[in-house]
Trainee: 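Please read through the structure below; I'll follow up with questions.
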There are 2 protein chains.
Amino acid sequence: MVRLTVQRQAILDLINRSNQHWDAEELARCLGENGEQLGIATVYRGLAALENAGLIQSIQLADKKRYERADKGHHDHLVCIKCGDIEEFCDNKIESRQQQVAQDRSFQMTGHQLLIFGVCQSCSNDSRESETP
Amino acid sequence: MVRLTVQRQAILDLINRSNQHWDAEELARCLGENGEQLGIATVYRGLAALENAGLIQSIQLADKKRYERADKGHHDHLVCIKCGDIEEFCDNKIESRQQQVAQDRSFQMTGHQLLIFGVCQSCSNDSRESETP
DNA sequence: ATTGATATTGATAATAGTTATCATTCTTTG
DNA sequence: CAAAGAATGATAACTATTATCAATATCAAT
Ligand SMILES: [Mn+2]
Ligand SMILES: [Mn+2]
Ligand SMILES: [Zn+2]
Ligand SMILES: [Zn+2]
């Protein structure tokens, strides 16, 4: 299993204390600001190790990977194309239909990722305000 | 609307004649081998322009974007983690549940992407053969 | 505790996919 | 035809991530 070095523990603690979806750079910066400065390569390796161990989870966005706490369990995401905000949801009907789809094709599913893109509530309020009525 | 230059027409034709999920590099190489050599930047720009116009569609994988015919309409994908093979499916129950999830949160959905990862049938056959029984 | 094997770190080079720049070459429009 | 507007292609630049490698740290016996 993973060796929980001070560096990895720092990464894990920060992620577990928060509710965000962190990218490697943000994480390194935040740790640095809190006196826990670690090399960017160590952050990438630490994140990979922690994810392998199931201690954190991630989502792959178009440009970068983002990590979050694993104790929330599996869920999927709504991504706002205006502000980048990420909301979460889990729909059991969707989850079970996916199993079915895979089974129907003799495809041994190991995982999945569902991203819903669009405009979040707060962003659509913002644009409504600035309309010419 | 898009200007259908000879370069873009070549890209579009190749995609429309095939059933694959092309990345920019593959496309450029294949065109080059068929006497339609175009700069890689032109390929990237052409793909973006054609997609904007709705003439092709794409999926964003972890490492790169892959393009395919648009006339098949929307569908989602099963990606084999062994051989990279990409299968397609469309499940109306999943599609409608997504609408519901978005609506419930006042999230204005503009699109989505569902990737199911796992081992395809042919790859799981392969590994069964090489087992010690 | 000492030693030797193994794993981790951090600085930095390298890689991969993609976008930006810019001079040149089409197209379109008046 | 001439000016304005796009598109092209070579290549530089950029971003996220991985590879390299020497220096440390940790582990597992002796
Ligand atoms: Mn999440
Ligand atoms: Mn497809
Ligand atoms: Zn938003
Ligand atoms: Zn396969």
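We name chains A, B, ... by the order of the sequence lines, and we start the count at 1 in each one. In what follows, every heavy atom counts, from backbone to side chain, and hydrogens, waters and symmetry copies are set aside.
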Trainee: Detail all sub-3.5 Å separations between protein N/O atoms and N/O atoms belonging to nucleotides 16-18 of chain C.
Mentor:
unit_1	atom_1	unit_2	atom_2	d
C/dG17	OP1	B/Lys64	NZ	3.1
C/dT18	OP1	B/Lys65	N	2.8
C/dT18	OP2	B/Tyr44	OH	3.0

Trainee: Can you list the other members of the hydrophobic cluster that holds A/Val79, where links are side-chain heavy atoms under 4.5 angstrom apart?
Mentor: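 A/Val79 shares its hydrophobic cluster with A/Ile59, A/Leu61, A/Ile81, A/Ile86, A/Leu115, A/Phe117, A/Val119.
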
Trainee: Backbone N or O of A/Glu25 within a donor-acceptor pair of the A/Asp23 side chain at under 3.5 Å?
Mentor: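 Confirmed, A/Asp23 side chain pairs with A/Glu25 backbone.
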
Trainee: Could you list the protein-to-nucleotides 20-28 of chain D atom pairs, N/O on both sides, closer than 3.5 Å?
Mentor:
none

Trainee: Kindly list each side-chain donor-acceptor pair under 3.5 angstrom involving residues 68-77 of chain B, sequence neighbours excluded, with atom names and distances?
Mentor:
unit_1	atom_1	unit_2	atom_2	d
B/Glu68	OE1	B/His21	NE2	3.1
B/Glu68	OE1	B/Lys72	NZ	3.0
B/Glu68	OE1	B/His75	NE2	3.2
B/Glu68	OE2	B/His75	NE2	3.1
B/Glu68	OE2	B/His77	NE2	3.2
B/Arg69	NE	B/Asp71	OD1	2.9
B/Arg69	NH1	B/Asn19	OD1	3.0
B/Arg69	NH2	B/Asp71	OD1	3.2
B/Lys72	NZ	B/Asn19	OD1	3.2
B/Lys72	NZ	B/Glu88	OE1	3.4
B/Lys72	NZ	B/Glu88	OE2	2.9
B/His74	NE2	B/Asp76	OD2	3.3
B/His74	NE2	B/Glu95	OE1	3.4
B/His74	NE2	B/Glu95	OE2	3.0
B/His74	NE2	B/His112	NE2	3.0
B/His75	ND1	B/Gly73	O	3.0
B/His75	NE2	B/His77	NE2	3.1
B/His75	NE2	B/Glu88	OE2	3.1
B/Asp76	OD1	B/Leu114	N	3.2
B/Asp76	OD2	B/His112	NE2	3.4
B/His77	NE2	B/His21	NE2	3.2

Trainee: Restricting to side-chain hydrogen bond (donor to acceptor under 3.5 Å, both in side chains), what partner residues turn up for B/Gln100, sequence neighbours left out?
Mentor: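 For B/Gln100, the residues satisfying side-chain hydrogen bond (donor to acceptor under 3.5 Å, both in side chains) (neighbours in sequence not counted) are B/Asp104.
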
Trainee: Could you tell me, to 10°, how much the axis swings from one end of the helix from C/dA1-D/dT30 to C/dG30-D/dC1 to the other, five pairs per end?
Mentor: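 Rounded to the nearest 10 degrees, the bend comes out at 30°.
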
Trainee: So, using side-chain hydrogen bond (donor to acceptor under 3.5 Å, both in side chains) as the criterion, who are the partners of A/Glu26 when residues are at least two apart?
Mentor: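 In terms of side-chain hydrogen bond (donor to acceptor under 3.5 Å, both in side chains), with neighbours along the sequence ignored, A/Glu26 is linked to A/Arg66.
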
Trainee: Using whole Å, what does the distance between atom C1' of nucleotide C/dA7 and atom CG of A/Asn52 come to?
Mentor: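 Between C1' of C/dA7 and CG of A/Asn52: 15 Å.
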
Trainee: Under the rule for side-chain contact (heavy atoms from CB on, under 4.5 Å), what residues qualify as partners of B/Ala41, not counting sequence neighbours?
Mentor: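 Expected list: B/Arg45.
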
Trainee: Not counting sequence neighbours, which residues clear side-chain hydrogen bond (donor to acceptor under 3.5 Å, both in side chains) with A/Asn16? List them please.
Mentor: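 Checked A/Asn16 against side-chain hydrogen bond (donor to acceptor under 3.5 Å, both in side chains); zero matches.
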
Trainee: Expressed in angstrom and rounded to an integer, what is the separation of A/Leu61 atom CG from D/dA16 atom C1'?
Mentor: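 Atom CG in A/Leu61 sits about 13 Å away from atom C1' in D/dA16.
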
Trainee: Can you list the residues that meet the side-chain contact (heavy atoms from CB on, under 4.5 Å) rule with A/Asn125, with sequence neighbours excluded?
Mentor: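 Applying side-chain contact (heavy atoms from CB on, under 4.5 Å) to A/Asn125 gives A/Gln121, A/Arg128.
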
Trainee: Between B/Thr42 (side chain only) and B/Leu38 (backbone N and O only), is there a donor and an acceptor less than 3.5 Å apart?
Mentor: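 No; judged by distance alone, with no hydrogens or angles, the pair does not exist.
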
Trainee: Starting at CD of A/Gln9 and ending at P of C/dT8, how long is that distance when rounded to a whole Å?
Mentor: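 Rounding to the nearest Å, CD of A/Gln9 and P of C/dT8 are 15 Å apart.
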
Trainee: Whole-Å distance between D/dA16 C1' and A/Trp22 CH2?
Mentor: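 So the CH2-C1' distance, A/Trp22 to D/dA16, works out to 18 Å.
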
Trainee: It should be established whether B/Gln7 places a side-chain nitrogen or oxygen under 4.0 Å from OP1 or OP2 of nucleotide C/dC26.
Mentor: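 Checking C/dC26 against B/Gln7, no side-chain N or O comes under 4.0 Å of OP1 or OP2.
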
Trainee: Output the rounded distance in Å from CG (B/Leu4) to P (C/dT27).
Mentor: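 Going from CG in B/Leu4 over to P in C/dT27 covers 13 Å.
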
Trainee: Quick one: list whatever passes side-chain contact (heavy atoms from CB on, under 4.5 Å) with A/Ala53, sequence neighbours left out.
Mentor: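 Here the qualifying residues are A/Val2, A/Leu55.
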
Trainee: Identify, with sequence neighbours excluded, every residue that meets side-chain hydrogen bond (donor to acceptor under 3.5 Å, both in side chains) alongside A/Asp63.
Mentor: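 A/Asp63 satisfies side-chain hydrogen bond (donor to acceptor under 3.5 Å, both in side chains) with no other residue.
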
Trainee: Can you tell me the distance, in whole Å, between the CG atom of A/Leu12 and the C1' atom of C/dT8?
Mentor: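 In whole Å, C/dT8 C1' and A/Leu12 CG are 17 Å from each other.
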
Trainee: C/dG10 P sits how many Å from A/Leu38 CG, rounded?
Mentor: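 So the two atoms are 6 Å apart, to the nearest Å.
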
